[in-house]
There are 2 protein chains.
Amino acid sequence: MTADLDTLVAARLEACGHRFSSARRELVDVLRRAGQPVRITDVLEGRPHLAQSSVYRNLAVLETAGVVRRIVTDDDYAHYELDEALTEHHHHLICSGCGTVTDTTLPSDVERRLDDALHEIAADAGFVIDHHRLDLIGRCRVCAAG
Amino acid sequence: MTADLDTLVAARLEACGHRFSSARRELVDVLRRAGQPVRITDVLEGRPHLAQSSVYRNLAVLETAGVVRRIVTDDDYAHYELDEALTEHHHHLICSGCGTVTDTTLPSDVERRLDDALHEIAADAGFVIDHHRLDLIGRCRVCAAG
DNA sequence: ATGAGTGCAAAGGCTTTGCATTAGG
DNA sequence: CCTAATGCAAAGCCTTTGCACTCAT
């Protein structure tokens, strides 16, 4: 699956009339290698050939194409990661000290139970679920020690 | 409990060396009556006697005092609500159409199970949990119909 | 009187947008 | 060729900050 990541991404982009340019290829690559949510400033740092506006625009395109997902935290910066459809469903450990976001997963039985409950709640409210997000806010190992 | 809300808020404010001014009293009142997360622009609208900067500052003070909580969504605006310690633990239905945030709760057994699983995960990662947030992103009844 | 609170205006800072140029199909 | 993509700079916009004034203790 990770092997054909490029093929999959290309398909999703084409599906909405966009090209898989080298800049976008590099972005996807950065996110894949990071393995965890990344801020745009981090992407730009050490990559002077990437124009800031293009990175913002490309991530927006990739988001509408369903390739990446934007994560909002209390941090001043937005974080981006590969869409769950290309990886797997997971959750986040958000450190309020350094702003770092780390991926984590829930035991599948808990997740399943949770999902059932959420669907019931949504149905009652006439709410159409796109997805859910479950984040832990606290202090990472490093910041907790400091 | 809601009757002594003011007393409780006043205590929390004093505890960190702040006063329960009339402006802050009004803010708490607005949030209490709203019963759901509110944006600052909404608070300002129709209340010309409130200065924008004071609202921002007071909500920040109230947040550090543990009276209100700031909620971040994809919406351009931050949302504020009374802290769970003054209400009850709950979750959010976030509409990606109109940006409205609505409160909801989970069956207590599901919540308990979830909490256990989260604590285990956090422990494994050396992560110290402050709190968790579970939100449903999708379309509210109105936006789903449109 | 002394420090917190307030209000107005200006500055900050992440993000978006305009526009001319380049590249891919 | 024709449209998407890119890059630079400038603008947007929510939020924060500076500073002088007011208020409560």
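Chain naming here is simple, since letters A, B, ... match the order of the sequence lines and numbering starts at 1 in each.
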So, for [X] and [Y], which heavy atoms are closest and what is the spacing to 0.1 Å?
X	Y	result
A:Cys140	A:Cys98	SG-SG, 4.0 Å
A:Val67	A:Leu86	O-CD1, 3.4 Å
A:Ile129	A:Leu118	CD1-O, 3.8 Å
A:Gly35	A:Asp103	O-OD2, 3.5 Å
A:Leu31	A:Glu81	CD1-C, 4.1 Å

Q | Counterpart residues, salt bridge (charged side-chain N to carboxylate O under 4.0 Å, His left out), relative to A:Glu26 (two or more places apart) | A |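 So A:Glu26 forms a salt bridge (charged side-chain N to carboxylate O under 4.0 Å, His left out) with A:Arg47.
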
Q: Check salt bridge (charged side-chain N to carboxylate O under 4.0 Å, His left out) between B:Arg113 and all other residues, then give those that pass, not counting sequence neighbours.
A: A:Asp109

Calculate the interatomic distance between [X] atom [atom1] and [N] atom [atom2]; express it in whole Å.
X	N	atom1	atom2	answer
B:His18	D:dA24	NE2	P	18 Å
A:Leu27	D:dA5	CG	P	13 Å
B:Asp42	D:dT15	CG	P	11 Å
A:His49	D:dG7	NE2	C1'	13 Å

Q: Heavy atoms of chain B, cut-off under 4.0 Å: which first and last nucleotide of DNA chain C, 5' to 3', fall inside that, if you could look?
A: C:dG3 to C:dA9

Q. Would B:Arg141 and A:Val128 satisfy side-chain contact (heavy atoms from CB on, under 4.5 Å), going step by step from the backbone distance to the final call?
A. CA-CA 7 Å; B:Arg141 196 193 297 277; A:Val128 181; over 6 Å; no

Q: Measure from NZ or CZ of A:Arg139 to the centre of the six-membered ring of B:Phe127, then state whether that distance is under 6.0 Å and the direction lies within 45° of the axis.
A: no

**Q.** Lys/Arg cation over aromatic A:Tyr80: A:Arg69, 6.0 Å, 45° cone
**A.**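 Checked: cation-pi criterion not met.
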
Q) Tell me, which stems hold DNA chain D, with a stem being 3 or more Watson-Crick or G-U pairs in a row and both distances under 3.5 Å? A) C:1-25 with D:1-25

(Q) Does D:dC23 have OP1 or OP2 under 4.0 Å away from a side-chain N or O of B:Ser21? (A) no

Q: Evaluate the criterion side-chain contact (heavy atoms from CB on, under 4.5 Å) for residue pair A:Ile121 and B:Thr104; output intermediate values, then yes/no.
A: CA-CA 8 Å; A:Ile121 286 176; B:Thr104 187; 3.1 Å; yes

Q. For A:Glu120, does the CD atom sit with more than 12 other heavy atoms under 6.0 Å from it, leaving out its own atoms?
A. no

Between the protein and nucleotides 1-3 of chain D, list every N/O to N/O distance that falls short of 3.5 Å.
{"from": "D:dT3", "atom 1": "O2", "to": "A:Arg19", "atom 2": "NH2", "distance (Å)": "3.1"}

Q: Between A:Ala78 and B:Ala23, name the one whose nearest nucleotide on DNA chain C is closer to the 5' end.
A: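 Comparing both residues, the 5'-ward one is B:Ala23.
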
Q) Should the ring pair B:His89 and B:His132 be called parallel, tilted or perpendicular, given that the plane angle runs from 0 to 90° and is split at 30 and 60? A) perpendicular

Q: Return the residues of residues 51-69 of chain B meeting this criterion: a heavy atom under 4.0 Å from some atom of DNA chain D. Order them by number, or give none.
A: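 By residue number: B:Gln52, B:Ser53, B:Tyr56, B:Arg57.
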
